[in-house]
Amino acid sequence: MVSDGTGWTAEHSVNAALGQFEHCLVDRVCPVSTHLFSGIDDVERLMEVIKQAAKEGAMLVYTLADPSMAESAKQACQLWGIPSADILGPITESIASHLGVSPSGLPRWARGRSSSLSEDYFRRIEAVEFTIKQDDGALPENLHKADIVLAGVSRTGKTPLSIYLSQKGYKVANVPIVMNVKLPSALFEIDPEKVFGLTINAVVLHTIRSARSRTLGFAEDIRSNYSEMDHVKEELEFAAKIFAQNPVWPVIEVTGKAIEETAAIVLRLFHDRKNRCSMPRISKRY
């Protein structure tokens with residue numbers, strides 16, 4: 001994978017595509033290894049990578065904003081018989097045709113780009129800093145400043161989901177739901193449309209908590225109160241009652257979902273509501 005920037009687009013596109021081949025990758029019938037070359041911004045370095053790909057019998061996947069760089073990659077791959085895929089070029093050409101505007105041909109982080117990217121960068125930094133400070137119910141007085149608020153019992157993935165969303169520029173707070181512990185009043189005073197409930201299958205949660213309590217070396221009495229199945233079920237039922245009392249909060253079932261999948265659901269609902277698109281399917285699980 002070759003990119004003139006961070007390589008995020010190339011890497012995620014390849015990983016998404018490889019997900020279609022689990023039937024052979026998992027059984028190691030056709031094992032695949034990948035390598036990312038980021039920041040490739042001159043033809044000489046590009047040719048070195050392509051030569052290496054030719055020696056190793058590899059495929060080249062690239063995201064190169066400069067049309068001349070992309071054309072060089074295409075021609076070199078054809079010359080040396082290397083299978084290749086240009087991820088950025090075709091969609092850029094389609095958008096240019098639709099808008100009637102020529103693309104800049106500059107990598108996203110090039111100096112010649114407008115300041116909007118810098119503003120976006122600092123917005124993300126601010127979002128990450130906010131999210132870290134708001135982790136695990138901290139500073140409930142700041143909940144009204146959050147773009148998104150996540151609520152759920154322990155080990156439903158609130159923190160990693162919060163951090164993932166913050167890296168996309170959203171200020172996220174997460175609030176743990178614990179039996180016999182009063183939730184902050186601010187949670188019920190803020191706009192309910194920015195609150196999202198997280199739930200999980202009891203058996204899966206029990207497994208996760210059991211492993212967690214062993215890893216942390218919890219004492220037996222604490223372990224039983226945290227990871228025993230009866231307690232897990234009670235806590236999930238307690239959370240379900242709170243969700244039922246707040247029907248505007250969508251409840252997202254995170255069992256078996258990757259962080260990216262849950263984040264995609266949160267953001268779809270968030271933007272549907274913000275833009276008043278279609279339906280919000282209130283009070284249903286996702």
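Keep in mind that the numbers below use all heavy atoms, side chains included, and drop hydrogens, waters and symmetry copies. Residue numbers start at 1 and run along the sequence shown. What you see is a predicted model; the values in this text were computed from it and never measured.
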Considering only heavy atoms from C-beta outward, does the side chain of L106 approach that of D66 to under 4.5 Å?
-> no
Could you tell me whether a side-chain N or O of E228 sits under 3.5 Å from a main-chain N or O of D230, the two making a donor and an acceptor?
-> no
Rounded to the nearest 0.5 Å, what separation is found between the NZ atom of K74 and the OG atom of S84?
-> 8.5 Å
Nearest atoms (heavy-atom pairs only) where A70 meets Y62 | O-OH, 3.8 Å
Identified side chain to side chain contact (heavy atoms under 4.5 Å, CB included) partner of T262 from the options L150, L267, L161, T156 = L161
Would a distance-only check, ignoring hydrogens and angles, find a side-chain to backbone donor-acceptor pair under 3.5 Å from N246 to W249?
-> no
Residues E235, R209: salt bridge by 4.0 Å N-O rule = yes
Indicate if M59 and F37 have the same hydrophobic cluster label, given that clusters are the connected sets of ILVMFWY residues with side-chain heavy-atom separations under 4.5 angstrom.
-> no
A244 versus P247, closest heavy-atom pair with distance = O-CD, 3.7 Å
E261 side-chain N/O to A258 backbone N/O, donor-acceptor pair under 3.5 Å = yes
With sequence neighbours excluded, residues passing salt bridge (Lys or Arg N to Asp or Glu O under 4.0 Å) with R155 = none
To the nearest 0.5 Å, how far apart are CG in L205 and NZ in K233?
-> 12.0 Å
Would you indicate whether the side-chain heavy atoms of F130 and E126 approach each other to under 4.5 Å?
-> no
Check whether any side-chain heavy atom of I259 sits under 4.5 Å from a side-chain heavy atom of V254, and report yes or no.
-> no
In terms of heavy-atom contacts, does CD of Q78 have more than 12 from other residues, nucleotides or ligands at under 6.0 Å?
-> yes
For the atom pair CD (E129) and CZ (R124), what is the distance rounded to the nearest 0.5 Å?
-> 14.5 Å
Members sharing I163's hydrophobic cluster, built from side-chain contacts under 4.5 Å between Ile, Leu, Val, Met, Phe, Trp and Tyr, are V128, I132
Tell me who clusters with V178, hydrophobic residues only, linked when side chains sit under 4.5 Å apart either directly or through other members.
-> V181
Result of checking D136, T131, D135 against T159 for side-chain hydrogen bond (donor to acceptor under 3.5 Å, both in side chains) = D135
Minimum side-chain heavy-atom gap P184-V175 below 4.5 Å = yes
Between L165 and V266, is any pair of side-chain heavy atoms under 4.5 Å apart?
-> yes
Sequence neighbours excluded, every pair satisfying ring-ring contact (aromatic ring centres under 6.0 Å, His included) that has a member inside residues 65-93 | none
Between S97 (side chain) and E93 (backbone), is there a donor-acceptor pair under 3.5 Å?
-> no
CE-CG distance between M1 and L60, expressed to the nearest 0.5 angstrom | 10.5 Å
Main-chain N/O of E237 paired to K241 side chain as donor or acceptor, under 3.5 Å = no
May I ask you to decide if L88's main-chain N or O and T63's side chain share a donor-acceptor pair within less than 3.5 Å?
-> no
Fellow cluster residues of I91, listed by chain then number, with links counted only when side-chain atoms sit under 4.5 Å apart | I95, L99, V101
For the pair F270 and Y170, name the ring-plane relationship: parallel under 30°, tilted 30 to 60°, perpendicular over 60°.
-> perpendicular
Quick one: are V172 and V149 in side-chain contact, heavy atoms under 4.5 Å?
-> no
Rounded to the nearest 0.5 Å, what separation is found between the CG atom of L236 and the CG atom of N201?
-> 8.5 Å
Distance only, no hydrogens: is a donor on one side chain within 3.5 Å (strictly under) of an acceptor on the other, for E56 and Q52?
-> yes
Say whether Q134 and N142, considering side chains only, have a donor N or O and an acceptor N or O under 3.5 Å apart.
-> yes
Less than 4.5 Å apart, any side-chain heavy atom of I200 and any of I208?
-> yes
How many angstroms lie between CD1 in I177 and NZ in K158, if you round to the nearest 0.5 Å?
-> 8.0 Å
All pairs passing salt bridge (Lys or Arg N to Asp or Glu O under 4.0 Å) where residues 174-188 contributes a residue, at least two apart | none
Verify, without hydrogens or angle tests, whether R273 (side chain) and R268 (backbone) share a donor-acceptor contact under 3.5 angstrom.
-> no
Please answer whether the main-chain N or O of H144 pairs with a side-chain N or O of K194 as donor and acceptor at a distance below 3.5 Å.
-> yes
